[in-house]
Amino acid sequence: MNPQKPSDNHSPTDCEILELISYNRELHDKYTGTYTTVESILNKIQPDRVNWINVDGLNNQDLIEKVQTHFCLHSLLIDDVLSDQRPKAEEFDDYLFFTLKMLYRIDGTAIDYEQISFVLGKNYLISFQEKEGDWFDGFRDRIRLDQGRVRKKQADYLLYRLIDIIVDNYYNVLDRVGDLIDETEETVYQNPSTQTFTKIQYLKKELIYLRKALFPLRDALSKIVKGESDFVKEENIRFFSDVYEHVIHLTDSLETYKDLVSSLTDIHINAMNTKMNEVMKVLTVISTIFIPLTFIVGVYGMNFHYMPELDWRWGYYSVWGVMILIVVGMLAFFRHKKWF
Amino acid sequence: MNPQKPSDNHSPTDCEILELISYNRELHDKYTGTYTTVESILNKIQPDRVNWINVDGLNNQDLIEKVQTHFCLHSLLIDDVLSDQRPKAEEFDDYLFFTLKMLYRIDGTAIDYEQISFVLGKNYLISFQEKEGDWFDGFRDRIRLDQGRVRKKQADYLLYRLIDIIVDNYYNVLDRVGDLIDETEETVYQNPSTQTFTKIQYLKKELIYLRKALFPLRDALSKIVKGESDFVKEENIRFFSDVYEHVIHLTDSLETYKDLVSSLTDIHINAMNTKMNEVMKVLTVISTIFIPLTFIVGVYGMNFHYMPELDWRWGYYSVWGVMILIVVGMLAFFRHKKWF
Amino acid sequence: MNPQKPSDNHSPTDCEILELISYNRELHDKYTGTYTTVESILNKIQPDRVNWINVDGLNNQDLIEKVQTHFCLHSLLIDDVLSDQRPKAEEFDDYLFFTLKMLYRIDGTAIDYEQISFVLGKNYLISFQEKEGDWFDGFRDRIRLDQGRVRKKQADYLLYRLIDIIVDNYYNVLDRVGDLIDETEETVYQNPSTQTFTKIQYLKKELIYLRKALFPLRDALSKIVKGESDFVKEENIRFFSDVYEHVIHLTDSLETYKDLVSSLTDIHINAMNTKMNEVMKVLTVISTIFIPLTFIVGVYGMNFHYMPELDWRWGYYSVWGVMILIVVGMLAFFRHKKWF
Amino acid sequence: MNPQKPSDNHSPTDCEILELISYNRELHDKYTGTYTTVESILNKIQPDRVNWINVDGLNNQDLIEKVQTHFCLHSLLIDDVLSDQRPKAEEFDDYLFFTLKMLYRIDGTAIDYEQISFVLGKNYLISFQEKEGDWFDGFRDRIRLDQGRVRKKQADYLLYRLIDIIVDNYYNVLDRVGDLIDETEETVYQNPSTQTFTKIQYLKKELIYLRKALFPLRDALSKIVKGESDFVKEENIRFFSDVYEHVIHLTDSLETYKDLVSSLTDIHINAMNTKMNEVMKVLTVISTIFIPLTFIVGVYGMNFHYMPELDWRWGYYSVWGVMILIVVGMLAFFRHKKWF
Amino acid sequence: MNPQKPSDNHSPTDCEILELISYNRELHDKYTGTYTTVESILNKIQPDRVNWINVDGLNNQDLIEKVQTHFCLHSLLIDDVLSDQRPKAEEFDDYLFFTLKMLYRIDGTAIDYEQISFVLGKNYLISFQEKEGDWFDGFRDRIRLDQGRVRKKQADYLLYRLIDIIVDNYYNVLDRVGDLIDETEETVYQNPSTQTFTKIQYLKKELIYLRKALFPLRDALSKIVKGESDFVKEENIRFFSDVYEHVIHLTDSLETYKDLVSSLTDIHINAMNTKMNEVMKVLTVISTIFIPLTFIVGVYGMNFHYMPELDWRWGYYSVWGVMILIVVGMLAFFRHKKWF
Ligand SMILES: [Mg+2]
Ligand SMILES: [Mg+2]
Ligand SMILES: [Mg+2]
Ligand SMILES: [Mg+2]
Ligand SMILES: [Mg+2]
Ligand SMILES: [Mg+2]
Ligand SMILES: [Mg+2]
Ligand SMILES: [Mg+2]
Ligand SMILES: [Mg+2]
Ligand SMILES: [Mg+2]
Ligand SMILES: [Mg+2]
Ligand SMILES: [Mg+2]
Ligand SMILES: [Mg+2]
Ligand SMILES: [Mg+2]
Ligand SMILES: [Mg+2]
Ligand SMILES: [Mg+2]
Ligand SMILES: [Mg+2]
Ligand SMILES: [Mg+2]
Ligand SMILES: [Mg+2]
Ligand SMILES: [Mg+2]
Ligand SMILES: [Mg+2]
Ligand SMILES: [Mg+2]
Ligand SMILES: [Mg+2]
Ligand SMILES: [Mg+2]
Ligand SMILES: [Mg+2]
Ligand SMILES: [Mg+2]
Ligand SMILES: [Mg+2]
Ligand SMILES: [Mg+2]
Ligand SMILES: [Mg+2]
Ligand SMILES: [Mg+2]
Ligand SMILES: [Mg+2]
């Protein structure tokens, strides 16, 4: 599956779109429209079929209210759909509410979060998306072409499949994070630059945000897996259990990546310190060799009238001799200290 | 909603104020007074209405005692109202006690905490505030004008609405913290000054205090959500559940912000080290280039009578040649070491 | 309340002191004695009253054994009274055992710990103190003068009051720690000296020890609050619950202070590094300015016979001109690098 | 047991291999084949024996499907067998599914992970391995030669034995990590080089990955130990309990190693700092001794016409005297500061 | 009690020793032998007494097997006795298995661990020790001389007493760790040498290992305290509860010591940095004072023919004057910066 975002248009949609896919074992119908044709589409819902109503864009209050009225949705539920929400599952009298984040990777590194909320009734599933475009196009084709189990199953299986697709996408996003960690690790040993450090901090931040999306999702799925919901049939719980395990696997990976990124910081700091030490050693070696020599030549640059050495025939060469001895001694000392 | 503090007067109030709002579906009355008129106001309470008694300022022992006597409040409860308390919910025989912190943002950054305590009885709600001024003025208008559900509901819904308003304000405060973190992050990469570091530490401190207010609030609400209280009707638990989720969402954000601020400290330290390294490199480059050169010119500044080089025709130019070679060699070495 | 230690004498007492306060609604008697008069005092115990037996000093085995025999105390309980113990509540067949630490602040900063153990029977309360002197003198007067509820209540309420007084004292101690943290924070930004760092470490250590005293106390009180004890009446559990909440509030503050002290360490380290960087910058600025200049003057200090510049009329002034240009260039470079 | 990988061939196998070991108290048969002969081998399964079917290599969809069909395996189970999975135990109607990681040590340090999945039925055990080669060859001989208990026991005991062998291998891997930590500790005190640091980071990384394999395995085994499975007989739970304890022991060791490796990082950083300090001290000692001396000889290298000292008879020797005094004074100062 | 190891011989014993102490209220017998006389000693066991069988050294398979056969010990139990085990309690049909670590302090600092395992039956207690020598000699005398409760009690009380003695010894070991921490703290403030740092790391390591021995012991004892064992009588649970509390107290101390040792590392690093800063300051002060002076004297060492200052009468003294002014100015600057 292509981890790039499937649709180009990815800013909050003004033109709300309503889509109804209605199917059973034999039949399959699809209706789309904007908020002007809401009623006519809602009238197409048939009690003996699975009806998937998808709403793209949440800015048109009129459309949302019509959907709310048609399905008798609680005002608190609509509040949750419309505002940024922690992933959660909540059971109402006539439906199950489930909300989570759908992830998109932008330009290969940045991650975009879209909130998607589901309302699962006896024979319908409503999905509310903040923006147009999602990961379900391939699956819409599978429903239409009657591939796999979905046409033989009810609305709860449909919910499972949609969550499963979203969670599968988390793997793509997290794998890319893992690749970036590996790439950065190679760089950081060679060249602990500020860019590398910024990259490490960026990865850390992404993991912090992913954690915020993943951990509550685990709790939400665990509610369903424990069989607390009337709207998920006993026989389908195993499917939700499968997604639940995927999410736990993902949180494990997240913790692992967190530890690896924290290691990267240590490596960066160490590489920087090592480089600094090397600089200091060069400074020290050059300074400690030449500072005493400069003193010696300074001595014989003095202008005292009475300085016997100056008149010696081999004075100049003797000074060179002494200085060479000092250099050799110093180098031996540095070698002994293992400074180079 | 304006996140700035609504009332100007914000020092512990001397003039205690008592306010009674008494309403049902049809009727709405409001009485205010100071401690001199306490009895007359308390006599206005009507059993067939919802009676909201608000007390501003807790220094007048006389007023507090009259309220205590009128509603038979436990002495431990009054102790809790009067002293700094951990947010909590406690069920007594005749009422439910709930205390939490109300937040105000001062001058756009500092946060002020006011303790507010509620006593929820069958047909009344008492709110004790440390200081005059709160976030409820808009809601008082909604009650008066009969907007929303509140006039159709009982005292427990009123409690929910007041807590909800307080918690909504936490979002404002926390969003501002988030903005400050973003601002600081941009600064810290450019200029790791002491001011930036002080700002980071300030943010850290605010988060520590917010944590102290938020985490116990979660536990207090969870008590009500579990249906342990006789004073919150079954049908209204979902509303408290909604606030409870808000608080969990807030604690998630708090943890996220804590991690981000801890990252900021890392970034600051790294930026400081990088700057230091640059300073050291300049020192080392200049020193290691000129210290050997200074030695060489020192050699030919010596006053030995017998120094053949001094008499050479091209001696002076040869020295310059040697020195230029050394400088070129050194620069090549530094370039090789990638020091600049 | 004065947070200073009330009694001067605070070394393990040799002269063991036994004190009996025996009271009911109407009557109040007080008897004191040393281990020579133990029996006569124990005989004063009256079944229809609350009898509070206080033992100061635990070194006299004879006295301890007489008390043990009189109340049939288990040998493991006596072991716990005599040795350093984790705060705990333990139910025996005929009494409830409760042990905790009483805190004293010495010289305004150091904290002293005294173990105090209680044995609560049907109509008596024994308190074992390691040393003479406690925080109960004011309360002893309240009993004598029949102030508050205590004379109307039984031995379990007496136990609550004594624990409450001890826990109230923890607030004094912890508030002082909070003040010290604030004081140190101001200092550390200005002057990151070794004394400041030692102070920070001292605070950290005190918090580590306080934690050891507070966390088990929470668990011990929680046992009583859950109603697991036969010796605390149902109606009085709310009082223990109040102390329990105080202890939770204290542990919250402890965690907060721990985070603040850990911040102080960060601030100290950062202040030290900033100072170091400043020192390095001064060294670098002075060195990089004067080292090249010294080289230049060294060049014209050479004694070559053929050095044309030396004979130039404006040679000397030209050198000064070149050197001034170099200094100006360097200063511009440093200003550009924002080193000062 | 030899901790080196037993089989040479360790890349994902193309030629899938199917192996059937069928035994009871009296009889033992072994059949092997590739996917072309799957049916004939599956037909050899006998209901009154323990049948162990081992599948090496998971790329041949045809073979996997035939096994799936023969044992009516759930599609979710096959998904789990084929993709990277968190260790877990899952009970189905007709079998128990168990998956974990098998470890190989490559070249004495690197660790290779192979996923192995088990399906335990009433009279059969299927094991799916990603690659050819495992740790069971010695045990296959024991079955054939009827050594130990295995031929007297059922398929659940066989599962226990295979898991036990895999977990025993974890000990080999972890002991090697422990040895590497000890080796590195010795090196790091002597010579805090970049290689040592890289080694430390490598160990940290291995522990992070091992943690990911071990912790979920603990939970999976705990499920069986609690007696939740119908496919493990009551009498054999004690055996699984034994492996369970091994895994807990291993996680304890893992945490211990994690703490030790974190200590190693501290030691490395400290050793590097100590070395840096030593370098700085040498630089400081040489500089502070010779810089003032160089100044002094510079003074008497000045060419002023009127400099009385130059004409003194003992001027030159006096300067030497002053310089020696300065050197002695400096050395005394450094000695006093304990710099060497 | 002497915390030094009681017996000299402390290498894994070759000559296995079997010891039987058989007692009741009236009688006491003691038999010892090596593996050649195992049967004869096992035959001395009398059903109406408490029989304590102690095995020293676990290398003689023959002896172990005879004991196993005599008491029908499970093969998994014997595995646990013979290999390194996590402390644990495990209930079998006919006995309770309990294993833990016995600590010895070697040369005042190092800690040696010996695994000791107990099998508690109805009327017997077997203790398996890896090596000869233990902490029980004083207690063996108390049994013989009928001191304390032990002769009036059954085998479960005997187990309690032995565990109690082992745990009391943990206090000795941990107190010594506490003393070492105090000693090191004093040193580290004065002299942050590499030896001190190595000592701190050593303490950290010891605490890591102690943690591994103590935490599982707590869980093992908690099993017995919860009354889950049939082999510990109801009336004796309070004794095990006492040891259990000791172990919790020890784990509290361990955590406290861990925090203190982590503080020590901080103190060490800070002391090292402070020292480094001082070195840098000396270097900077000397360099920044003398480098400009050396430049000045260099200026007047130049050999230009036309340098007016050289001919001035007071030129030389003026230069000294300027240099003294510079020094005074520098010193004022350093004083202002609070560098010394
Ligand atoms: Mg983002
Ligand atoms: Mg969308
Ligand atoms: Mg999936
Ligand atoms: Mg987000
Ligand atoms: Mg799947
Ligand atoms: Mg964590
Ligand atoms: Mg207010
Ligand atoms: Mg709200
Ligand atoms: Mg506060
Ligand atoms: Mg909501
Ligand atoms: Mg709301
Ligand atoms: Mg935490
Ligand atoms: Mg203390
Ligand atoms: Mg006392
Ligand atoms: Mg109190
Ligand atoms: Mg203590
Ligand atoms: Mg209270
Ligand atoms: Mg109170
Ligand atoms: Mg912690
Ligand atoms: Mg799966
Ligand atoms: Mg394999
Ligand atoms: Mg094993
Ligand atoms: Mg892996
Ligand atoms: Mg085994
Ligand atoms: Mg931990
Ligand atoms: Mg075992
Ligand atoms: Mg031994
Ligand atoms: Mg003991
Ligand atoms: Mg060990
Ligand atoms: Mg005890
Ligand atoms: Mg004891």
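So that the names make sense, note that chain A is the first sequence line, chain B the second, and so on, each numbered from 1.
Residue C/Pro308 comes nearest to B/Tyr317 through the heavy atom pair CG-OH, 3.1 Å, listed as atom of the first residue, atom of the second, then distance. Of all non-hydrogen atoms in B/Tyr316 and C/Tyr306, the two that sit nearest each other are CB-O, 3.5 Å. For the pair B/Gly301 and C/Asn303, the tightest heavy-atom approach, listed with the atom from each and the gap, is O-ND2, 3.0 Å.
Heavy atoms closer than 4.5 Å to chain C are found in both the backbone and the side chain of B/Phe92. Heavy atoms of B/Pro192 lying under 4.5 Å from chain C are absent altogether. Interface remark: C/Ile296 contributes no atoms to any contact with chain B (heavy atom separation under 4.5 Å). Residue contact with chain C, scored on non-hydrogen atoms closer than 4.5 Å, is absent for B/Val299. With a 4.5 angstrom heavy-atom cutoff, C/Tyr189 touches chain B only via side-chain atoms. Residue B/Trp314: no heavy atom, backbone or side chain, is found under 4.5 Å from chain C.
Without hydrogens or angle criteria, C/Asn277 side chain to B/Met276 main chain gives no donor-acceptor distance under 3.5 Å.
C/Glu255 and B/Lys212 are not joined by a salt bridge, as no carboxylate oxygen comes within less than 4.0 angstrom of a charged side-chain nitrogen. A salt bridge links C/Lys337 to B/Glu278: one of the charged nitrogens lies within less than 4.0 Å of a carboxylate oxygen. Salt bridge annotation for C/Glu245-B/Arg86: absent, with no cationic side-chain nitrogen under 4.0 angstrom from a carboxylate oxygen.
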Scan the side chains in residues 266-273 of chain C for donor-acceptor partners under 3.5 Å anywhere in the protein, sequence neighbours excluded, and list what turns up.
{"from": "C/Asp266", "atom 1": "OD2", "to": "B/Lys204", "atom 2": "NZ", "distance (Å)": "3.0"}
{"from": "C/His268", "atom 1": "NE2", "to": "E/Asn270", "atom 2": "OD1", "distance (Å)": "3.0"}
{"from": "C/Asn270", "atom 1": "OD1", "to": "B/His268", "atom 2": "NE2", "distance (Å)": "3.0"}

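Checked by atom type, the side-chain pair C/Arg149/B/Ser75 shows a donor-acceptor distance below 3.5 Å.
The shortest side-chain heavy-atom distance between C/Phe304 and B/Val319 falls under the 4.5 Å cut-off.
With respect to chain C, the highest number of heavy-atom pairs below 4.5 Å among B/Val279, B/Ile291, B/Leu283, B/Ile286 belongs to B/Val279.
Scanning for ring pair (Phe, Tyr, Trp, His ring centres under 6.0 Å) contacts around B/Phe295 gives A/Phe290, with sequence neighbours left out.
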